[in-house]
K.L.:
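Below is the structure I would like to discuss, written out as structure tokens.
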2 protein chains.
Amino acid sequence: MTRDPALEPLTRSAEDYLKAILALSGEAAVSTTQIAQRLELSPASVSGMIRRLSDQGWLEHVPYRGVVLTDAGRRAALRMVRRHRLIETYLVDRLGFTWDDVHEEAERLEHAVSDQLVDRMAEALGHPRFDPHGDPIPRSDGTMDIPDYVAVPDLVTGEPMILHRVRTGDAERLRYIADAGLVPGAEVMLVSREPFDGPVTVRVGGGERVIAHDLAAMLLCVRE
Amino acid sequence: MTRDPALEPLTRSAEDYLKAILALSGEAAVSTTQIAQRLELSPASVSGMIRRLSDQGWLEHVPYRGVVLTDAGRRAALRMVRRHRLIETYLVDRLGFTWDDVHEEAERLEHAVSDQLVDRMAEALGHPRFDPHGDPIPRSDGTMDIPDYVAVPDLVTGEPMILHRVRTGDAERLRYIADAGLVPGAEVMLVSREPFDGPVTVRVGGGERVIAHDLAAMLLCVRE
DNA sequence: ATATAAATTTAGGCCGTCCGAATTTCCAGT
DNA sequence: ACTGGAAATTCGGACGGCCTAAATTTATAT
């Protein structure tokens with residue numbers, strides 16, 4: 001990671017593009033509009049930046065077909081993800097931020113910190129593998145631990161599980177969820193579930209909660 | 001501080017200009033070339049930026065005569081100084097940085113941190129009034145403590161003093177100085193001094209040191 | 001097969017920030 | 001009072017990064 005043979009240094013903007021593309025990368029190539037929506041930019045602007053990034057070897061672009069990160073691009077993007085998540089962890093653990101208000105701060109800091117600072121923070125925190133939302137923190141070499149998750153609506157009823165990851169960045173949702181005691185590490189159990197993607201009842205912290213299906217789907221659990 | 005009635009938000013670049021101008025502000029107005037030298041930019045670039053900053057009310061410019069910060073400009077610049085020095089203090093105190101390698105890091109971070117983060121760091125550190133180099137940290141309202149300093153070459157020989165501030169950002173000098181035990185808080189005593197700005201002998205930490213005059217002039221002491 | 005809709009790229013502009021080169025202003029010394 | 005050189009400014013150009021509008025390509029539906 002971090003050492004990319006002969007590439008231009010990335011601008012802040014370019015770092016955001018790579019990170020967005022990584023996040024959108026599933027099976028297929030990532031489309032211009034996907035990127036534009038995620039970064040809240042016009043598709044035309046994205047086309048322009050795609051050209052630069054492609055010229056510089058961070059990604060490959062097939063016109064009208066989409067974009068795939070090169071190895072260098074993926075490494076650079078993972079480096080940003082590592083920074084972001086470590087910064088969030090540091091701010092929550094050491095500086096009294098809450099999991100619903102760290103995102104913006106990290107979004108700015110991730111472009112400003114040196115590798116040295118990132119490493120120092122990681123060390124100070126004992127090399128955490130997950131951030132406050134349970135998102136895995138990539139190591140310097142780009143690897144990370146990704147547990148086998150089961151989303152709350154897919155749980156076997158009556159079987160106790162550990163909530164491990166909350167997949168939303170929305171501050172209001174995060175506050176609501178935390179309020180319900182649904183923080184990573186909490187023991188949860190699916191009590192019942194209504195059909196047609198209806199609300200879901202979970203037992204957590206000695207009480208029961210009825211939760212919207214879509215929100216419950218963002219809560220990922222692990223066994224034991 | 002921080003609340004400036006109706007002004008445009010500052011860019012990173014503009015923040016650097018204001019900070020530089022504040023640092024260069026003595027009696028007289030600050031000249032274009034002074035700013036250009038300090039920021040390592042061409043005078044042409046500085047002229048351009050001066051115009052924008054002046055249009056936006058951060059400073060007043062008399063063509064061919066120089067530049068003076070407005071109140072808003074001074075507040076904005078002091079806010080950056082506060083950030084910079086608090087960040088340096090935090091990095092040294094909490095993350096194992098040394099006083100010779102924090103500058104660059106702080107230079108980048110000062111543009112990225114929120115007021116909230118700055119306040120949290122200040123709080124975590126117990127609202128320090130001086131940074132690792134002994135430079136005073138402005139409070140949120142822009143005030144700061146500036147002791148009455150006596151530079152080492154101006155000390156009365158034989159009178160013990162406390163080294164309080166080291167006025168250089170040069171990493172090599174800082175390492176040399178730290179190596180000699182000349183860190184803020186150290187007890188120092190002028191032993192002798194050669195005429196014509198010659199070397200200066202100081203007693204520090206039970207030993208004697210001969211130091212170049214110019215370097216010694218960067219070491220500022222306070223009584224007791 | 002073709003018309004239309006959707007996605008994408010290109011074209012042309014704007015702003016901030018930098019530069020080098022040309023020009024203007026200021027001041028000091030004759 | 002004049003003039004040469006230093007200091008400062010303006011000018012023209014570049015680039016990154018954003019935009020809107022127009023053109024183009026691809027996908028879909030009749």
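Order of the sequence lines sets the chain letters (A, B, ...), proteins ahead of strands, with each chain counted from 1. Side-chain atoms are counted along with the backbone in the values below, which use heavy atoms only and exclude waters and symmetry mates.
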K.L.:
Without decimals, in angstroms, what is the distance between A/Met49 CE and C/dT9 C1'?
P.N.:
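Between C1' of C/dT9 and CE of A/Met49: 16 Å.
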K.L.:
Does D/dA7 have OP1 or OP2 under 4.0 Å away from a side-chain N or O of B/Ser31?
P.N.:
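For D/dA7, OP1/OP2 do not have a side-chain N/O of B/Ser31 under 4.0 Å.
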K.L.:
Walk me through it: do B/His213 and B/Phe196 pass the test ring pair (Phe, Tyr, Trp, His ring centres under 6.0 Å)?
P.N.:
CA-CA 9 Å; B/His213 174 276; B/Phe196 312 119; over 10 Å; no
K.L.:
Over how many whole Å does the gap from A/Ile50 atom CD1 to D/dG16 atom C1' extend?
P.N.:
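Going from CD1 in A/Ile50 over to C1' in D/dG16 covers 15 Å.
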K.L.:
Take atom OH of A/Tyr17 and atom C1' of D/dG17, then tell me their distance rounded to the nearest Å.
P.N.:
8 Å
K.L.:
Round to the nearest Å and state the distance from A/Arg52 atom CZ to C/dT9 atom P.
P.N.:
13 Å
K.L.:
Map A/Tyr64 and A/Ala44 onto DNA chain D by nearest heavy atom, then report which one ends up closer to the 5' terminus.
P.N.:
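It is A/Ala44 whose nearest nucleotide is closer to the 5' end.
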K.L.:
Remember a base hit wins even if backbone is also touched, and classify B/Ser13 as base, sugar-phosphate or nothing at under 4.0 Å, heavy atoms.
P.N.:
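Sugar-phosphate, backbone atoms only, no base.
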K.L.:
Does A/Arg51 reach a base, just sugar-phosphate, or nothing at all? Heavy atoms under 4.0 Å.
P.N.:
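Nothing: the residue A/Arg51, judged by heavy atoms under 4.0 Å, touches no strand.
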K.L.:
Does a salt bridge link B/Asp55 with B/Arg52, judged by any charged N lying under 4.0 Å from a carboxylate O?
P.N.:
no
K.L.:
Check every strand shown and say whether A/Ser47 touches a base, only sugar-phosphate, or nothing at a heavy-atom separation below 4.0 Å.
P.N.:
base
K.L.:
Which of the following nucleotides, C/dT9, D/dT9, D/dC19, is nearest to the side chain of B/Pro63?
P.N.:
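Closest nucleotide to the B/Pro63 side chain: D/dT9.
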K.L.:
When the distance from CD of A/Gln56 to C1' of D/dC15 is rounded to whole Å, what number comes out?
P.N.:
12 Å
K.L.:
So does A/Arg82 pair up with A/Asp119, basic N to acidic O under 4.0 Å?
P.N.:
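Judged by the 4.0 Å cut-off on N to carboxylate O distance, A/Arg82 and A/Asp119 do form a salt bridge.
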K.L.:
Would you mind reading off the distance between A/Asp55 atom CG and C/dT9 atom P, rounded to a whole angstrom?
P.N.:
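Interatomic distance, CG of A/Asp55 to P of C/dT9: 13 Å.
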K.L.:
Quick one: label A/Ser45 by what it contacts on the DNA or RNA (base, sugar-phosphate, nothing), any heavy atom closer than 4.0 Å.
P.N.:
base
K.L.:
Tell me whether the side-chain N/O atoms of B/Thr11 come closer than 4.0 Å to OP1 or OP2 in C/dT17.
P.N.:
yes
K.L.:
With nearest nucleotides of DNA chain C determined for A/Gln34 and B/Arg12 from heavy-atom distances, which residue corresponds to the more 5′ nucleotide?
P.N.:
A/Gln34
K.L.:
Give a yes/no on whether any side-chain N or O of A/Ser42 is located under 4.0 angstrom from OP1 or OP2 of D/dC18.
P.N.:
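For D/dC18, OP1/OP2 do not have a side-chain N/O of A/Ser42 under 4.0 Å.
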K.L.:
Is A/Thr32 close enough to C/dT9 that one of its side-chain N or O atoms is under 4.0 Å from OP1 or OP2 there?
P.N.:
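Indeed, a polar side-chain atom of A/Thr32 lies that close.
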K.L.:
Quiz question: by atom type and distance under 3.5 Å, do the side chains of B/Asp16 and B/Ser13 form a donor-acceptor pair?
P.N.:
no
K.L.:
To the nearest angstrom, how far is A/His61 atom NE2 from C/dA7 atom P?
P.N.:
15 Å
K.L.:
Measure from CG on A/Leu53 to P on D/dG16 and round the result to the nearest Å.
P.N.:
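Whole-Å distance recorded here is 11 Å.
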K.L.:
How do A/Arg65 and A/Leu41 order along DNA chain D: which one's closest nucleotide is nearer the 5' end?
P.N.:
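Nearest-nucleotide comparison on DNA chain D picks A/Leu41.
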K.L.:
At what distance, to the nearest 0.5 angstrom, does NZ of A/Lys19 lie from CG of A/Leu69?
P.N.:
13.5 Å
